[in-house]
**Student:** 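Dropping a structure here in structure tokens format, bear with me for questions.
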Amino acid sequence: MPETITLQTKQKIRDCTAQGLIYLAVLLVSAVFVWLLTDLVRGGIAHLSWAFLTESPHDAGRTGGIASILVSTLLILLVALITAIPLAWSTAILLAEFVPVESNFGKTVRFSLYVLAGVPSIVFGLFGNAFFSIYLGLGFSILSGGLTLACMLLPILTSTAEAGLRAVPDTYRLSAAALGISRTAALIHLIMPAAAPALTAGLLIGVGRALAETAALLFTSGYVDRMPGSLLDSGRALALHIFDLSMNVPGGDNAAYASALVLVCLLLSINILAMKLAYGLQRRKIMT
């Protein structure tokens with residue numbers, strides 16, 4: 001009896017220790033985020049105003065706002081997502097639903113995705129400059145930057161989407177087959193909604209990387225801070241603008257803080273909106 005009590009006590013101590021370490025890790029991650037956000041708010045809130053969001057930059061960004069920078073950033077992101085999402089999710093569906101896990105084709109594709117995910121962004125920038133800007137004749141443009149970012153997002157979106165699709169229980173597929181539902185209908189109405197959280201997570205990771213990218217866009221979308229007139233115009237992304245203000249523009253620290261605060265708020269807004277849409281789509285599809 002005493003030995004049993006001792007074992008139970010040791011197990012309880014181990015459980016409490018593990019739980020405490022998990023809570024500590026969560027607190028540390030949250031503390032880092034709160035510290036960064038507090039620093040950005042303290043340094044940039046005084047410079048942030050409606051005029052800052054609606055005016056174009058002047059005097060190398062020291063004065064004026066970031067309207068043209070925001071437009072360029074959103075256009076680059078839009079081009080990247082429109083190009084990457086169909087390719088990535090189609091590849092994920094092929095790998096998860098139609099190609100056996102142990103097939104040589106599937107292994108080759110996954111290995112290629114792993115290699116692409118580890119390629120530095122500067123290499124993507126040089127590739128985008130050589131292929132999109134020079135070979136295809138797109139020059140330093142929003143289109144070149146967006147297509148380069150699409151290449152960077154492909155491995156992230158494909159890997160997360162495949163993992164999410166494979167995590168859907170096979171009972172979904174078997175039940176759909178038993179009811180005579182076609183494979184395409186089951187994929188659209190059952191499997192994809194069930195995998196919506198994983199698809200959303202991959203999308204948010206991709207959006208975060210795209211919005212924070214600097215090196216690749218420096219060689220493709222260009223450095224011009226004026227308002228773009230079309231996708232073939234050069235445009236400066238927000239992350240690149242922050243880098244320029246903090247490193248190359250004396251007296252641009254306040255504008256850099258305010259721009260960084262806008263970038264973080266933009267990321268938070270996109271994350272919240274995407275999660276709400278994914279949750280609503282999942283409930284509506286599965287309930288119907």
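Positions are given from 1, in the same order as the sequence printed here.
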**Student:** May I ask you to test the Ile93-Met192 pair for a side-chain heavy-atom distance under 4.5 Å?
**Tutor:**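 Counting from C-beta outward, Ile93 and Met192 do come under 4.5 Å.
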**Student:** With rounding to the nearest 0.5 Å, note down the distance linking CG in Leu75 to OG in Ser221.
**Tutor:**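 Answer for the CG-OG pair, Leu75 versus Ser221, is 11.0 Å.
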**Student:** Counting only N and O atoms by type, is there a donor-acceptor contact under 3.5 Å from the side chain of Arg183 to the main-chain atoms of Glu97?
**Tutor:**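 Flag set: sc Arg183 to bb Glu97 pair under 3.5 Å.
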**Student:** For Phe140, does its backbone N or O pair with a side-chain atom of Ser144 as donor and acceptor, under 3.5 Å?
**Tutor:**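 No, Ser144 side chain to Phe140 backbone: no donor-acceptor pair under 3.5 Å.
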**Student:** Does some side-chain heavy atom of Leu231 sit less than 4.5 Å from a side-chain heavy atom of Ser141?
**Tutor:**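 No, their side chains stay 4.5 Å or more apart.
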**Student:** Between the side chains of Gln19 and Asp15, is a donor N or O closer than 3.5 angstrom to an acceptor N or O?
**Tutor:**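 No.
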**Student:** Sort out for me which residue in Thr214, Ile69, Val249 forms a side chain to side chain contact (heavy atoms under 4.5 Å, CB included) with His241.
**Tutor:**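 In the set Thr214, Ile69, Val249, the residue that makes a side chain to side chain contact (heavy atoms under 4.5 Å, CB included) with His241 is Ile69.
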**Student:** Give, for atom OG1 of Thr160 and atom CG of Leu165, the distance between the pair rounded to the nearest 0.5 Å.
**Tutor:**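 Going from the OG1 atom of Thr160 to the CG atom of Leu165 covers 9.5 Å.
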**Student:** On a heavy-atom basis, which atom in Leu95 and which in Gly106 lie closest, and how many Å separate them?
**Tutor:**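 Minimum heavy-atom separation between Leu95 and Gly106: CD2-CA, 4.0 Å.
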**Student:** For the residue pair Ala84 and Leu153, what are the closest heavy atoms and their distance?
**Tutor:**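 Smallest heavy-atom distance, with atoms named: CB-CB, 4.2 Å.
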**Student:** Hey, quick one: are Leu113 and Phe98 part of the same hydrophobic cluster, counting side-chain heavy atoms closer than 4.5 Å, chains of contacts allowed?
**Tutor:**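 Yes, Leu113 connects to Phe98 through the hydrophobic network.
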**Student:** Is there a donor-acceptor pair under 3.5 Å between the side chain of Ser133 and the backbone N or O of Gly139?
**Tutor:**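 Looks like yes, one N/O pair under 3.5 Å.
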**Student:** After noting the C-alpha distance and the side-chain angles of Arg110 and Thr158, does the key distance pass the side-chain contact (heavy atoms from CB on, under 4.5 Å) rule?
**Tutor:** CA-CA 9 Å; Arg110 292 186 191 91; Thr158 305; over 6 Å; no
**Student:** Is there a continuous path of hydrophobic side-chain contacts, each under 4.5 Å between heavy atoms, that joins Leu48 to Leu263?
**Tutor:**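 As far as the 4.5 Å side-chain criterion goes, Leu263 and Leu48 are connected within one cluster.
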**Student:** Please determine whether residues Leu203 and Leu87 belong to a single hydrophobic cluster, defined as Ile, Leu, Val, Met, Phe, Trp and Tyr linked transitively by side-chain heavy-atom distances below 4.5 Å.
**Tutor:**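 No, no single cluster joins them.
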**Student:** Any side-chain to backbone donor/acceptor pair from Ser68 onto Asp225? Under 3.5 Å, distance only.
**Tutor:**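 It does hold such a pair.
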**Student:** To the nearest 0.5 angstrom, please state how far the CZ atom of Phe127 sits from the CG atom of Leu147.
**Tutor:**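 It comes to 9.5 Å.
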**Student:** With rounding to the nearest 0.5 Å, note down the distance linking CG in Leu143 to CG in Asp233.
**Tutor:**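 Answer for the CG-CG pair, Leu143 versus Asp233, is 11.0 Å.
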**Student:** Can you tell if the side chain of Val41 reaches within under 4.5 Å of the side chain of Tyr257, non-hydrogen atoms only?
**Tutor:**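 Side chain of Val41 against side chain of Tyr257, heavy atoms only: no contact under 4.5 Å found.
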**Student:** Flag the pair His47 / Phe52 as yes when their ring centroid distance falls below 6.0 Å, and as no otherwise.
**Tutor:**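 Between His47 and Phe52, the centre distance is under 6.0 Å.
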**Student:** Ignoring hydrogens and angles, tell me if any N or O in the side chain of Thr148 forms a donor-acceptor pair with the backbone of Gly125 under 3.5 Å.
**Tutor:**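 Judged by distance alone, no pair lies under 3.5 Å.
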**Student:** Is there a donor-acceptor contact under 3.5 Å from the side chain of Ser103 to the main chain of Pro100?
**Tutor:**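 Yes, the answer is positive, given that a donor and an acceptor are paired below the 3.5 Å cut-off.
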**Student:** Less than 4.0 angstrom from a charged side-chain N to a carboxylate O is my criterion; do Asp244 and Arg236 meet it?
**Tutor:**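 Yes, charged N to carboxylate O under 4.0 Å.
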**Student:** Go through the steps to decide whether Ile66 and Val262 satisfy the test side-chain contact (heavy atoms from CB on, under 4.5 Å), and finish with yes or no.
**Tutor:** CA-CA 10 Å; Ile66 56 171; Val262 171; 4.0 Å; yes
**Student:** Is the closest side-chain heavy-atom distance between Leu211 and Leu267 below 4.5 Å?
**Tutor:**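 Result yes, sub-4.5 Å side-chain heavy-atom pair found.
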**Student:** Any side-chain heavy-atom pair from Met152 and Ser121 closer than 4.5 angstrom?
**Tutor:**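 Met152 reaches Ser121 side chain to side chain.
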**Student:** For the atom pair CZ (Phe111) and CG (Leu116), what is the distance rounded to the nearest 0.5 Å?
**Tutor:**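 CG of Leu116 is found 10.5 Å from CZ of Phe111.
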**Student:** Do the side chain of His189 and the main chain of Leu187 share a donor and acceptor less than 3.5 angstrom apart?
**Tutor:**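 The answer is no, because no donor-acceptor pair under 3.5 Å joins these two groups.
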**Student:** Please give me the minimum heavy-atom distance between Thr73 and Leu238, naming the atom from each residue.
**Tutor:**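 Closest approach of Thr73 to Leu238, heavy atoms only: OG1-N, 2.8 Å.
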**Student:** Can any side-chain N or O of Thr63 pair as donor or acceptor with the backbone N or O of His58 at less than 3.5 Å?
**Tutor:**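 Yes; at least one donor-acceptor contact below 3.5 Å.
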**Student:** Grouping I, L, V, M, F, W and Y whenever their side-chain heavy atoms are under 4.5 Å apart, do Val224 and Leu70 come out in a common cluster?
**Tutor:**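 No, Val224 does not connect to Leu70 through the hydrophobic network.
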**Student:** Which pair of heavy atoms, one from Ser230 and one from Ile142, lies closest together, and at what distance?
**Tutor:**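 Scanning both residues, the minimum pair turns out to be O-CD1, 4.1 Å.
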**Student:** If you define the side chain from C-beta out and look only at heavy atoms, does anything of Phe219 sit under 4.5 Å from Phe124?
**Tutor:**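 Sidechains of Phe124 and Phe219: no contact.
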**Student:** Side chains of Pro250 and Arg62: does their closest heavy-atom pair fall under 4.5 Å?
**Tutor:**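 A side-chain contact exists here, since the closest heavy-atom pair is under 4.5 Å.
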**Student:** What about Ile205 and Ile270, same hydrophobic cluster or not, with Ile/Leu/Val/Met/Phe/Trp/Tyr joined at side-chain heavy-atom distances under 4.5 Å?
**Tutor:**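 Cluster IDs for Ile205 and Ile270 differ.
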**Student:** Identify the two heavy atoms, one from Leu81 and one from Pro86, that lie closest to each other, and give their separation to 0.1 Å.
**Tutor:**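 Between these two residues, the closest heavy atoms are O-CD, 3.9 Å.
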**Student:** Got a donor-acceptor contact below 3.5 angstrom from the Arg209 side chain to the Gly206 backbone?
**Tutor:**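 Flag not set: sc Arg209 to bb Gly206 has no pair under 3.5 Å.
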**Student:** Nearest 0.5 Å, what's the OG1-CD1 distance between Thr220 and Ile134?
**Tutor:**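 CD1 of Ile134 is found 11.5 Å from OG1 of Thr220.
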**Student:** Please check: side-chain N/O of Glu102 versus main-chain N/O of Asn104, any donor-acceptor pairing under 3.5 Å?
**Tutor:**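 A pair under 3.5 Å: no.
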**Student:** Check whether any side-chain heavy atom of Cys151 sits under 4.5 Å from a side-chain heavy atom of Phe132, and report yes or no.
**Tutor:**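 Side-chain contact under 4.5 Å: yes.
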**Student:** Assess whether atom OH of Tyr223 is packed by more than 12 heavy atoms of other residues, nucleotides or ligands within 6.0 Å.
**Tutor:**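 Enclosed.
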**Student:** Any idea which heavy atoms bring Ala150 and Ala80 closest together, and the distance?
**Tutor:**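 Result for this residue pair: CB-O, 3.6 Å.
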**Student:** Should Val207 and Leu77 be marked as a side-chain contact (heavy atoms from CB on, under 4.5 Å) after you check the CA-CA gap, both sets of side-chain angles, and the distance that decides it?
**Tutor:** CA-CA 7 Å; Val207 169; Leu77 180 63; 4.2 Å; yes
**Student:** Quick one, Leu245 with Asp253, criterion side-chain contact (heavy atoms from CB on, under 4.5 Å). Give me CA distance, side-chain angles, the key distance, then yes/no.
**Tutor:** CA-CA 6 Å; Leu245 288 173; Asp253 290 343; over 6 Å; no
